[in-house]
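Side chains included, hydrogens not; waters and symmetry mates left out as well; all remaining heavy atoms used. Starting from 1, each residue takes its place in the sequence as its number.
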Amino acid sequence: MSSVNLDLSYLDKFVGVEKINSLAEKIAGMHIGVEEKKLPGAEMLGWRDLPQNYDRNEFDRIKKAAEKIKDNSDVLVVIGIGGSYLGARAVISALSPNFGKNNGVPEIVYAGTSLSGKYLEELLDYIKDKEVSVNVISKSGTTLEPALAFRAIRELMTEKYGDKASERIFATTDKNKGALKELADAEDYTTFVVPDDIGGRYSVLTAVGLLPIAAAGIDIDELMAGAAEGMAEYSSAGLNENSAYRYAAVRNILYSKGKKIEILTNYEPNMHYLAEWWKQLFGESEGKDGKALFPASVDLTADLHSLGQYIQEGERHLLETVIKIKSPRSDLVVGSEEKNLDELNYIAGKKIDWVSDQAIAATIAAHTDGGVPNIIVEMDEMSAKNLGHLIYFFETACMMSAYLLDINPFNQDGVEAYKKNMFELLGKPKK
């Protein structure tokens, strides 16, 4: 049985099996187009066979660099934006403790994710008296947010370590060209490659994500093994055999029926950044030509106390995809109190994870009854292997979902619009 499973049992009143199966022939044809690299964006399909055909030498270099970082650093500053950091942060957040330092590994902090001077100033102050390493991630080296952050952090590193600063800076960038590659070569930084045939939002299983993930003490061999499991599982053109394609089919059918927003729902705080990665994956891949579901997310049960009313009874333009972790993550039990002022003795002796499971079941039933279709993606347990599988599941589903909309999943021309206006306002010289 797969470690990641798709449960469509709550969709009966929204989407019939016959409707889903009606897309089987179209999806099979598109699958062949992908295999033969005849669809738009074919030059960016390097992620599909990555779990088996990755560069073993670079992989070993990543693990050695991660060990060096762990040995000499209190903090690793990961500098990047969008796909350059979200995948790594999703995995690290999912598998790291919520509080305190993860013993034996550096604290992972992030820069270049915004243009907040306050955040950057506080970060510089926070790391100035710590042992620091830096992983700057940028294909070009000229993206404003990370480039600005790296300039400031590079200055601090030079002040702290002098000529030895370059030994603590790791650049993940283009193999041959670009401003960051040029700087890295000049300063003798250790470098890793952003592949030409894998876009940022699909790059978590490359050096882009793997170096920070490994430095955080997470087993990247297991992560890749899970992705390889997903690669084998989602290799079929058949809709009944390929659950990633079924997910793509269902969300597109619901879109055609008037749903406009897909909410990714999780019940573990550690999964917050997985949702942030998922939003970029689908938003940047599909949001073109005036089409596609808007990807949103909620952290439950917390957001039931803020957005729950809208989800339950607001405009019926929503569908919900729930990430459900089946195996308990905690043995914590509800205690018993003699006075019972909080009226919780009726669940005394029960695990809090059991209480959570009942809340999940109740919420799914309520939202479904309220007219919100619910898709369940179940993961056996929170582990590096299962997260690798889940990442590959969503990447495959996103690709097929975009193709069903007649959209190239791998371009993102729209993100340049704000940059053009911003650079004009900043007075950037034209080349």
| task | Would you mind reporting whether Phe14 and Val250 have side-chain heavy atoms less than 4.5 Å apart? | result | no
| Which residue pairs pass the side-chain hydrogen bond (donor to acceptor under 3.5 Å, both in side chains) test when at least one of the two sits in residues 207-223, sequence neighbours left out? | Lys63-Asp221
| request: Keeping to residues at least two apart or across chains, list the salt bridge (charged side-chain N to carboxylate O under 4.0 Å, His left out) pairs with something in residues 295-307. | output: none
| task | Determine whether Leu264 and Thr321 make a side-chain contact, defined as any pair of heavy atoms from C-beta on separated by less than 4.5 Å. | result | yes
| request: State yes or no: are the ring centers of Tyr234 and Tyr245 separated by less than 6.0 Å? | output: no
| remark: For residues 233-248, the salt bridge (charged side-chain N to carboxylate O under 4.0 Å, His left out) pairs (sequence neighbours left out) are none
| query | For Glu378 and Asn5, does a side-chain donor sit closer than 3.5 Å to a side-chain acceptor? | reply | no
| request: Would you please classify the geometry between the Phe59 ring and the Tyr54 ring as parallel, tilted or perpendicular, with 30° and 60° separating the classes? | output: tilted
| request: Pick out which of Leu124, Ile169, Leu148 makes a side-chain contact (heavy atoms from CB on, under 4.5 Å) with Ile153. | output: Leu124
| message | Under the rule for salt bridge (charged side-chain N to carboxylate O under 4.0 Å, His left out), what residues qualify as partners of Lys279, not counting sequence neighbours? | response | Glu276
| note | For Glu187, the salt bridge (charged side-chain N to carboxylate O under 4.0 Å, His left out) test, sequence neighbours excluded, returns none
| remark: Applying salt bridge (charged side-chain N to carboxylate O under 4.0 Å, His left out) to Arg61 and not counting sequence neighbours gives Glu58
| Would you say the side-chain atoms of Arg168 pair up with the backbone N or O of Val132, donor to acceptor, closer than 3.5 Å? | yes
| Given Asn135, which of Val77, Thr190, Leu76 fulfils the side-chain contact (heavy atoms from CB on, under 4.5 Å) condition? | Leu76
| Under 3.5 Å side-chain donor-acceptor pair for Glu107 and Tyr126 | yes
| message | Could you walk me through whether Asp60 and Lys64 satisfy the salt bridge (charged side-chain N to carboxylate O under 4.0 Å, His left out) test, starting with their C-alpha distance in whole Å, then the side-chain angles of each, then the deciding distance to 0.1 Å, before giving a yes or no? | response | CA-CA 6 Å; Asp60 288 341; Lys64 288 176 183 176; over 6 Å; no
| request: With sequence neighbours excluded, tell me which residues meet side chain to side chain contact (heavy atoms under 4.5 Å, CB included) with Asp357. | output: Ile360
| Flag if over 12 foreign heavy atoms under 6.0 Å of NZ, Lys175 | no
| field | Exam field: side chain Arg316 to backbone Gly370, donor-acceptor pair closer than 3.5 Å | value | yes
| request: Flag the pair Asp71 and Lys68 as a salt bridge only when some basic side-chain nitrogen lies within less than 4.0 angstrom of an acidic carboxylate oxygen. | output: no
| task | For Tyr10, check ring pair (Phe, Tyr, Trp, His ring centres under 6.0 Å) against everything at least two apart and list the hits. | result | none
| task | Can you establish whether the number of heavy atoms outside Asn53 located under 6.0 Å from its atom CG is more than 12? | result | yes
| query | Under the salt bridge (charged side-chain N to carboxylate O under 4.0 Å, His left out) test, which residues partner Glu313, sequence neighbours left out? | reply | none
| request: Any salt bridge (charged side-chain N to carboxylate O under 4.0 Å, His left out) involving residues 81-94? Give me the pairs, sequence neighbours left out, ordered by first then second residue. | output: none
| task | Under the side chain to side chain contact (heavy atoms under 4.5 Å, CB included) rule, collect the residues that match up with Ile81, sequence neighbours excluded. | result | Thr143, Glu145, Pro146
| field | side-chain hydrogen bond (donor to acceptor under 3.5 Å, both in side chains) partners of residues 148-166, not counting sequence neighbours, each pair once | value | Glu131-Tyr161
| said: Do Trp47 and Leu205 have side chains that approach each other closer than 4.5 Å (heavy atoms only, starting at C-beta)? | reply: no
| said: For Tyr403 and Phe410, take the angle between the two ring planes, folded into 0 to 90°, and tell me which bin it lands in: parallel under 30, tilted 30 to 60, perpendicular over 60. | reply: perpendicular
| In terms of side-chain heavy atoms, does Asp353 have a donor or acceptor partner in Ser330 at a distance below 3.5 Å? | no
| message | Can you confirm whether more than 12 heavy atoms, excluding those of Glu35, are under 6.0 Å from its CD atom? | response | yes
